[in-house]
Q: 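This is the structure I want to talk about, given as structure tokens.
Just so you know, ligand 1 is whichever comes first in the structure, and atom 1 is the first atom listed for that ligand. Note that this is a predicted model, so its numbers are computed, not measured.
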Amino acid sequence: MDPLIIVGTGLGGYSLAREWRKIDANTPLLILTRDDGHYYSKPMLSGAYTGNKPPDAIALGDAAAMASQLKAEIRTRITVEELDTAAGCVRADGVLTAYSNVVLAVGADPIHVPVAGDAAELVMSVNDLADYANFRAAIATARHVTIIGAGLIGCEFANDLLSGGIASAVVDPAAYPLSRLLPAEAGAALAHAYAGFGVDWRFGRTVARVDREGTRLRVTLDGGEVLATDAVLSAIGLRPRTALAQAAGLDVSRGILVSRQLRTSSDRVYALGDCAEVDGLVLPYVAPIMQAARALASTLAGKPTDVAYPPMPVLVKTSRYPVVVAPPRPGVSGSWCIDRLEGGMRALYRAGDDRIEGFALLGSATAERQKLSRELPALLD
Ligand SMILES: Cc1cc2nc3c(=O)[nH]c(=O)nc-3n(C[C@H](O)[C@H](O)[C@H](O)COP(=O)(O)OP(=O)(O)OC[C@H]3O[C@@H](n4cnc5c(N)ncnc54)[C@H](O)[C@@H]3O)c2cc1C
């Protein structure tokens, strides 16, 4: 019997394998990955510096351990370069392998904005364990890091570096941090709190150049300001990896388009995780991946199951002033109602009929997370 093939050993690929093995212990499982197949929790990467966790302390199991745990064959350092849906096989490093079903769990690429300067190639991003190893090595003796992007990952790294004794400047064209998730007042409160802890915010700016200056780097912003720094981390977002699917003729939009059963536009081909777009939603977070893995495992085991997305607030790991955010569903109109509390802020997004459609909780208000989550509508029923 042809195996189920899973492409990718991130949280998407491994979670699916684990859920599927709970239901189907015997069908052959082949997992192909272009990395080393280590299992790790990616969210730890933006909080690991504080805990002085080197990369091998983050890895929870290597490919051999995962293969035995999952009763799978895992081929590492191999790139799937073609998906032939008519023949029902994948080509990886020149070798064709037939599948019974195939699941794309190929993740997303960091977005890079073009930067000029003789050290532009030193701008890093951290989207996997190998990136994290490079980043740690690059900041081993750093006193200051410049972060491009004040989104979730940029803010978390600023927090982590701060706790580890490294100062940071955070550069973002928006007027406040987490600008795609928070109302302006909440963003301003977060910025104010972290400015007090020492973060040097540079809002309304982008990085124009990165040049070498002796043993350090010189970052020039588009307004002409110059920052002396030791490393530059780009954290401006992710773009789902759709190229493999697109070349195979599958429907793609922002992500690989899948139905509620995680099925692509081609039979026997599925997708989940950061690469997938489910019912118009690209949600590059852990909770939706776990929901998808459970639903897809059932579907692959012969019980077609729609994925459900209950309310899934995201905790932003800005530990000195934590943020929990549940953005409103796309297309739902309403307005933010903001209450300043002792040590925090509660921002509720209320739809026209006054129902709570989303929230942003800061500082002390994060204690209300569970109570308010129960009032939110599901993203997908
Ligand atoms: C620094 C950081 C912090 C985060 N913090 C949080 C958090 O606090 N909470 C939260 O909910 N989410 C967080 N996230 C997001 C969350 O970690 C991701 O949504 C999740 O890990 C994505 O898993 P994935 O399996 O879809 O993709 P990935 O983990 O990127 O895995 C993709 C896999 O596909 C493989 N691959 C790709 N192309 C090919 C190919 N052609 N052939 C073979 N293999 C291929 C790769 O090698 C890799 O194994 C964070 C993300 C980052 C980067």
Side-chain angles (χ1 to χ4, degrees), residues 5-18 30-49 58-59 63 66 74-83 90-93 95 97 102-111 124-132 135 147 149 151-160 181 233-248 255-256 262 271-278 282-293 296 312-319 322-326:
I5 295 183
I6 298 176
V7 186
T9 52
L11 221 54
Y14 274 149
S15 302
L16 170 66
R18 196 168 270 142
L30 172 64
I31 306 180
L32 305 171
T33 184
R34 69 181 184 194
D35 59 35
D36 63 10
H38 271 96
Y39 176 60
Y40 66 101
S41 166
K42 196 184 280 197
M44 283 189 69
L45 300 182
S46 49
Y49 189 74
I58 294 174
M66 295 307 290
I74 302 180
R75 294 187 202 150
T76 61
R77 306 271 184 222
I78 188 166
T79 299
V80 173
E81 62 244 335
E82 190 189 344
L83 172 63
V90 299
R91 186 163 56 83
D93 288 357
V95 177
T97 311
V102 62
V103 179
L104 303 176
V106 291
D109 281 317
I111 296 170
M124 291 170 283
S125 54
V126 175
N127 186 38
D128 59 34
L129 200 51
D131 291 342
Y132 177 69
F135 178 62
I147 298 172
L152 184 141
I153 291 173
C155 287
E156 292 188 349
F157 272 107
N159 175 74
D160 195 33
L181 296 172
L233 177 69
S234 175
I236 56 171
L238 295 170
R239 185 172 290 126
R241 293 185 180 122
T242 56
L244 183 63
Q246 192 159 23
I256 303 169
L262 291 316
L272 86 164
D274 284 7
C275 65
E277 179 171 338
V278 188
V282 176
L283 297 177
Y285 304 111
V286 173
I289 292 178
M290 304 314 287
Q291 294 289 127
L296 182 50
M312 296 176 286
V314 176
L315 168 68
V316 185
K317 299 181 291 291
T318 43
S319 52
V323 176
V324 179
V325 59

Q: Between Lys317 and ligand 1, is there a nitrogen or oxygen pair with a distance under 3.5 Å?
A: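 Indeed, backbone or side chain, Lys317 has an N or O that close.
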Q: In the protein, what heavy atom is nearest to atom 19 (O) of ligand 1, and what distance, to one decimal place, separates them?
A: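 In this structure, atom 19 (O) of ligand 1 has Asp274 OD1, 2.7 Å as its nearest protein heavy atom.
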Q: Could you work out, for atom 32 (C) of ligand 1, the closest of Gly8, Ala105, Ser41 by heavy-atom distance?
A: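 Heavy atom nearest to atom 32 (C) of ligand 1 belongs to Ala105.
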Q: Should the proximity of Ile78 to ligand 1, defined as any heavy atom under 4.0 Å, be assigned to the side chain, the backbone, both, or neither?
A: backbone
Q: Around atom 50 (C) of ligand 1, find the nearest protein heavy atom and jot down its residue, atom name and distance.
A: Pro43 CA, 4.4 Å
Q: Which atoms of ligand 1 are found less than 4.0 Å from any heavy atom of Ile289?
A: 19 (O), 20 (C), 22 (C), 23 (O), 26 (O)
Q: May I ask you to identify the nearest protein heavy atom to atom 28 (P) of ligand 1, giving residue, atom name and distance to one decimal place in Å?
A: Lys42 NZ, 3.6 Å
Q: Does Val7 reach ligand 1 with a nitrogen or oxygen that is under 3.5 Å from one of the ligand's nitrogen or oxygen atoms?
A: no
Q: Looking only at distance, does Phe157 have an N or O less than 3.5 Å from an N or O of ligand 1?
A: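 Among all N and O atoms of Phe157, none is under 3.5 Å from an N or O of ligand 1.
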Q: Provide the number and element of each atom of ligand 1 under 4.0 Å from a heavy atom of Thr33.
A: 43 (C), 44 (N), 47 (O), 49 (O)
Q: Tell me whether Arg241 contacts the main-chain N or O of Ala108 through its side chain, where contact means a donor paired with an acceptor under 3.5 Å.
A: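 Yes, Arg241 side chain to Ala108 backbone: donor-acceptor pair under 3.5 Å.
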Q: For the CZ atom on Arg239, are there more than 12 heavy atoms of other groups (residues, nucleotides or ligands in this structure) within a distance under 6.0 Å?
A: no
Q: Counting only nitrogen or oxygen atoms and a 3.5 angstrom limit, does Val286 reach ligand 1?
A: yes
Q: Which residue holds the protein heavy atom closest to atom 44 (N) of ligand 1, what is that atom called, and what is the gap in Å?
A: Arg34 N, 3.1 Å
Q: What is the nearest protein non-hydrogen atom to atom 27 (O) of ligand 1, stated with its residue, atom name and distance?
A: Gly107 CA, 3.4 Å
Q: Could you tell me if any non-hydrogen atom of Leu283 lies under 4.0 Å from any atom of ligand 1?
A: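 So Leu283 does not count as touching ligand 1.
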Q: Looking only at distances, please establish whether an N/O atom of ligand 1 is found under 3.5 Å from an N/O atom of Pro284.
A: yes
Q: Among all the protein's non-hydrogen atoms, which is closest to atom 47 (O) of ligand 1, and how far away is it?
A: Asp35 OD2, 3.0 Å
Q: Does Val314 come within less than 4.0 Å of ligand 1, judged by its heavy atoms?
A: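 Contact check Val314 vs ligand 1: negative.
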Q: Heavy-atom contacts under 4.0 Å between Val316 and ligand 1: side chain, backbone, both, or neither?
A: neither
Q: If you have a sec, work out which protein heavy atom is nearest atom 25 (O) of ligand 1 and how many Å separate them, to one decimal?
A: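 Of every protein heavy atom, Gly12 N, 2.8 Å lies nearest to atom 25 (O) of ligand 1.
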Q: Is it the case that the ring center of Tyr40 lies less than 6.0 angstrom away from the ring center of Tyr132?
A: no
Q: So which heavy atom in the protein is nearest atom 42 (N) of ligand 1, and how far is it from that ligand atom?
A: Val80 N, 2.8 Å
Q: Using every non-hydrogen atom in the two residues, find where Gly13 and Ile6 come nearest and quote the distance to one decimal.
A: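 Smallest heavy-atom distance, with atoms named: CA-CG2, 3.7 Å.
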